[in-house]
Amino acid sequence: MTTTLNTIVKGVLILTSVLLLVSLILEGFIFNTTQKLAMAAIFALATSLYAEIKDNQTSVKKRS
């Protein structure tokens with residue numbers, strides 16, 4: 001991922017996390033559709049960032 005895309009993903013991840021926290025505070029731990037979608041989005045974004053970090057670490061090790 002490019003630096004710009006990486007920054008956008010982090011921003012969306014933070015925004016989605018805040019949305020989930022607000023939803024949990026206001027509605028409780030009902031786990032309605034909105035909360036489930038927010039959790040799935042957080043998982044997908046975090047997984048893509050984790051894969052990017054691992055890919056960068058592998059690239060650095062190969063160069064050394």
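These numbers were taken from a predicted model, which means no experiment stands behind them. Computed over heavy atoms, backbone and side chain alike; hydrogens, waters and symmetry mates excluded.
The side-chain contact (heavy atoms from CB on, under 4.5 Å) search around Thr58 returns Lys62, not counting sequence neighbours.
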Anything under 3.5 Å between a donor and an acceptor, one on a side chain of residues 10-22, the other on a protein residue two or more places apart or in another chain? List them.
unit_1 : atom_1 : unit_2 : atom_2 : d
Thr16  : OG1    : Val12  : O      : 2.7
Ser17  : OG     : Leu13  : O      : 2.8

Check residues 26-34 and write down every donor-acceptor pair under 3.5 Å in which the side-chain atom is one partner and the other belongs to a residue at least two apart or another chain.
unit_1 : atom_1 : unit_2 : atom_2 : d
Glu27  : OE1    : Asn32  : ND2    : 2.5
Asn32  : OD1    : Thr34  : N      : 3.3
Asn32  : OD1    : Gln35  : N      : 3.0

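Annotation: the span from Ser48 atom OG to Ile53 atom CD1 amounts to 9.5 Å, rounded to 0.5 Å. With rounding to the nearest 0.5 angstrom, the CG atom of Leu45 is 11.5 Å from the CD1 atom of Ile8.
Taking hydrophobic clusters as Ile, Leu, Val, Met, Phe, Trp and Tyr residues chained together by side-chain heavy-atom distances below 4.5 Å, Ile42 shares a cluster with Leu24.
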